[in-house]
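Everything below concerns the one structure shown next.
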2 protein chains.
Amino acid sequence: MTEIVLDVRSQEILRKIISGYILTGEPVGSRTVAKLTREGLSPASVRNVMADLEELGLLTQPHTSAGRVPTERGYRYYIDWLLKVGQPAARDRALIDSSLSRVGGELSEAMEVVPRLLARLTRHVGYLVTPPVSDAVLKHIEFMRLHTRRILVVFVDRDEVVTHRILDMEEDLDQADLSRAARYLVDAFAGKTLQEIRDGLVRLMAEEKARFDSLLSNAVTLGTRYLDAESEERRVVLDGTTNIMHYPEFSDVDTMKRLFETFEEKHRLVNLLDRCLDPSGSRVVLGSEIDDPALGSMALVASPYRLVDGASGWIGILGPTRMEYDRAVSLVDYISRLFSTLLTRPNP
Amino acid sequence: MTEIVLDVRSQEILRKIISGYILTGEPVGSRTVAKLTREGLSPASVRNVMADLEELGLLTQPHTSAGRVPTERGYRYYIDWLLKVGQPAARDRALIDSSLSRVGGELSEAMEVVPRLLARLTRHVGYLVTPPVSDAVLKHIEFMRLHTRRILVVFVDRDEVVTHRILDMEEDLDQADLSRAARYLVDAFAGKTLQEIRDGLVRLMAEEKARFDSLLSNAVTLGTRYLDAESEERRVVLDGTTNIMHYPEFSDVDTMKRLFETFEEKHRLVNLLDRCLDPSGSRVVLGSEIDDPALGSMALVASPYRLVDGASGWIGILGPTRMEYDRAVSLVDYISRLFSTLLTRPNP
DNA sequence: GCTTAGCACTCTAGTGCGTTGAGTGCCAAT
DNA sequence: ATTGGCACTCAACGCACTAGAGTGCTAAGC
C-alpha cells in the first residue's frame, strides 16, 4: 500500500465528490463537479481526473452509467489529507457549554449526558468509554453482611462512580469483622488504583503475616475476592442508537439486527472499541479497518479525555461512513477538550 | 359492543383462518380452509361463513380478491373463546427447568434470566416487571459520607435487590452519625415495606420528638430524603428486542424506531405496562387496546408472579399481533408459576 | 333450507418492452 | 493539456398484458 500523492486539482475534485456524496447520498457526476469547481473546468476534464482517481482506488461507480462514489480508501484519503476541522458553530458550542456546565466535573453524571449530547448534535450514535476499571482509584469500600456467607460489597471510586457486587464466601464473617476489614482497606489503599491494590494484596499474602492476623487476613480475602469478581475492564455508554435506523444503508434488516446486537453486548463492544482506539492516536476509524462484520459501513470518530490521575477514556460517535466528518470531528474534539478541563479541575 | 355468539362451525372456521394466518402471514382463502376442515365442507360454504364473520367485524380482506385476515376484534374473540392452552412441550419445559433452577430463588438474578429465557423460547421480546418499589421490604440500609454534605445511600431489599443513590444534603453529618442513623432505621423498620416506612417517618415527624433527639432527627431526615428521591415505581427488564426487526409488519422504519425508543424510555414503558396489566386479570392485551401509537400491531402476553410478602410483578412477552398465542401463553404461564414457587420457597 | 357447482368478476403480482435521461469513455480538434 | 462532440450503457419509469388466486352470486341438488 504505497503512499498516494495527488496534485491540487485532483484533490479538489476528490473533495467535491466526497462532500457531495456525503450531502446527497447519490453518486456524483462530472457535470455537478464541473459546476462546483472554482476554475471553470469542463465536465470532460473532470471525467479524466475521475478516471485517474478510480484507477487509484479512491472512487468507484455503482454501474457504468452512474456518477462516482468514494471507496473506503477514498474516505481514508479524504480524512487524512483533505479534512479541515474548525470550531463547532456558535449555537452548538452554546448548547454544549450549558449542558456540560450543569453536570459539573463528575464522571458518573457525565456518563449519561455526554453520549446524549453527541447523539443529539450529530444524529448518530454517541458513546463514552470509561477508563479501565483497573485505573479506578479507591475512595471508599464497604462490606455488608446480608446473611450467612453472603456479603454485599460497595465500592466508591474517586470520581464517585459507585459499583456494588454480591459475594458468596466460604467462611462466615460477622458485621464487625467486615467493617474492620473495610476500614483497614481504606486506610491502606485509599488513593491507590485497583491495579495497585491488587499488587499490594498479593504482596501481603506473600508476606504470610496475614496468616496470624485475622483482621489482615479478612481484609486480604475480601479484597481479593472482590477484585477477582471485577471482570469488566471498561464500561461503555451509548445513546441515540435508534438514529441509525434512518440511514438508508441499513435498509437491510439483517445488518441492522447484527449492529443492534453488538450494541447490546457491551463487553464485546468494549473490546471492539478498545482494539481500534488504543494503539494509534487516530481519531477516525472506518468500518473496514475494524475486522467486525457488524460495523460494515460505519465509521467511528473518537477523542480521548483524561481524569486527574491520568486515567483516560474515550468519547465519540458512531455513524455511517457517509457522515459529515468535519462537523463530527469538530464536535467530538470540542466536547472532549471541555470535558477534560471539567474533570481535571480540582473538586470542591 | 355486544357479546358475539358464534355457532360451532363458524368458530372452527374462524380458528382455522386465524391459526393459518398466524402460521403463514398470508391472507387465508376459502379453499385452504375447506381442505383443513374436518367435515368435508366446500369452499362455497366456507365463503358464506366468512362473509358473516366479516360482517361481524372479525375478519377483513386486504383487497377484494384476497383471502381473509383477522381483525383486532377477531384476535380478541379468538383469544377469549377459542384459545386452548396446554403445557409447553417437554423439551421447552426441560430448558426452563434447568435455566431457572440455576438462578435459585433470587429476584435479582432472575431479572436477567427470565426475560432472556422468554425471548429465546418465543423469538419475541421477553420482559419482567418488578413489584412496585414501595412494596420493597427493607433489609439493610447504609449511609456513607463521600464528602461534605454528600452522602451515598445503599439500600438492600429482602430479595437482595441492591440500589444506591447519592444525596446532596443541606447539613453536613459525620460518618458516626450516619451509621447510627442507619442502624436506627434498620432496627425500627426492617421487614417493613417502603410505603410503611414512609408512613412511619411521617408519624415520627409529627410527634415532634425528633426535634429534641438528634439521632432520631438525622434518621428521619435521611430516610425521608432517600424515599423522596426514589422516584421510579417499578423497574422493567427487556430482552430480545432485536428479534422484532424480523417481523415483516415492521418493515416501516418509523414504526420500528418509535418502538425502540419506547423500549429505551423505561419509565414510559413501565407506565404503559402498568396501565394495561394492573386492572384486569387478563393475560393477553392487544396493541389496539393500549392507546399508544408505538405498540400498533403488537400484542402483550403477561402473567403475574408473587413474592413471599405478597408483592407481585409481571413477566411476559411482547410480540406481533400475529403470534402463536397458545405457545406464548403456555410458556409464560409455566415460567411464572415455576418462578413464583421458587420465590416463595423459604430462603436458605 | 342448507349446500354446492359454476361462472363472471376483481384485483395483485409478475413480466416484457420501449422510452427517458443521466452519465460515461473516447476521439479529434483547438 | 483541454474540450466539444458523439456513441454507448444502464437504471428507472411507465405501460400493457397475463396468470392466478379468490370472491360473490345464482341456480341447481339433496
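Computed from coordinates, the B/Asp52 CG to D/dC25 P distance equals 12 Å when rounded to whole Å. Between B/Met50 atom CE and D/dT23 atom C1' the separation is 9 Å, expressed in whole Å. D/dA1 atom P lies 11 Å from atom CG of A/Asn48, rounded to whole Å. The NE2-P distance, from A/His63 to C/dG23, rounds to 10 Å in whole Å. Spacing between atom CD1 of B/Ile13 and atom P of C/dT3 amounts to 10 Å, rounded to whole angstrom units. Rounded to a whole Å, the CZ atom of A/Arg47 is 11 Å from the C1' atom of D/dC6.
Within 3.5 Å, a donor on the side chain of A/Ser65 pairs with an acceptor on the base of D/dC10, or the reverse.
Remark: B/Thr32 pairs with no residue by the side-chain hydrogen bond (donor to acceptor under 3.5 Å, both in side chains) rule, at least two apart or across chains.
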*Can you give the dot-bracket line for DNA chain C, using ( ) for pairs inside the strand, [ ] for pairs that cross earlier ones, | for pairs with another strand and . for unpaired bases, where Watson-Crick and G-U count if both distances are under 3.5 Å?*
||||||||||||||||||||||||||||||

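For the pair B/Lys257/A/Asn243, a side-chain contact is recorded, criterion being any heavy-atom separation below 4.5 Å from C-beta on.
Toward the 5′ end of DNA chain C lies the nearest nucleotide of B/Pro43, the other residue of the pair B/Pro43 and A/Thr64 mapping further downstream.
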If you look only at distance, which donor and acceptor atoms sit under 3.5 Å apart when one is on a side chain in residues 10-17 of chain B and the other is two or more places apart or in another chain?
residue: B/Ser10; atom: OG; partner: B/Asp7; partner atom: OD1; Å: 3.0
residue: B/Ser10; atom: OG; partner: B/Asp7; partner atom: OD2; Å: 3.4
residue: B/Gln11; atom: NE2; partner: B/Tyr77; partner atom: OH; Å: 3.2
residue: B/Glu12; atom: OE1; partner: B/Arg38; partner atom: NH2; Å: 3.3
residue: B/Arg15; atom: NH2; partner: B/Leu82; partner atom: O; Å: 2.8

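Separation of the B/Tyr75 and B/Tyr78 ring centroids does not fall under the 6.0 Å cut-off.
For B/Thr71 and B/Glu54, the side-chain atoms include no donor-acceptor pair closer than 3.5 Å.
Contact check, B/Ser45 against C/dT4: a side-chain N or O comes under 4.0 Å of OP1 or OP2. Between A/Gln61 and D/dT9 there is no side-chain polar atom (N or O) within less than 4.0 angstrom of OP1 or OP2. Proximity of B/Arg9 to the phosphate of C/dT3: a side-chain N or O atom is located under 4.0 Å from OP1 or OP2.
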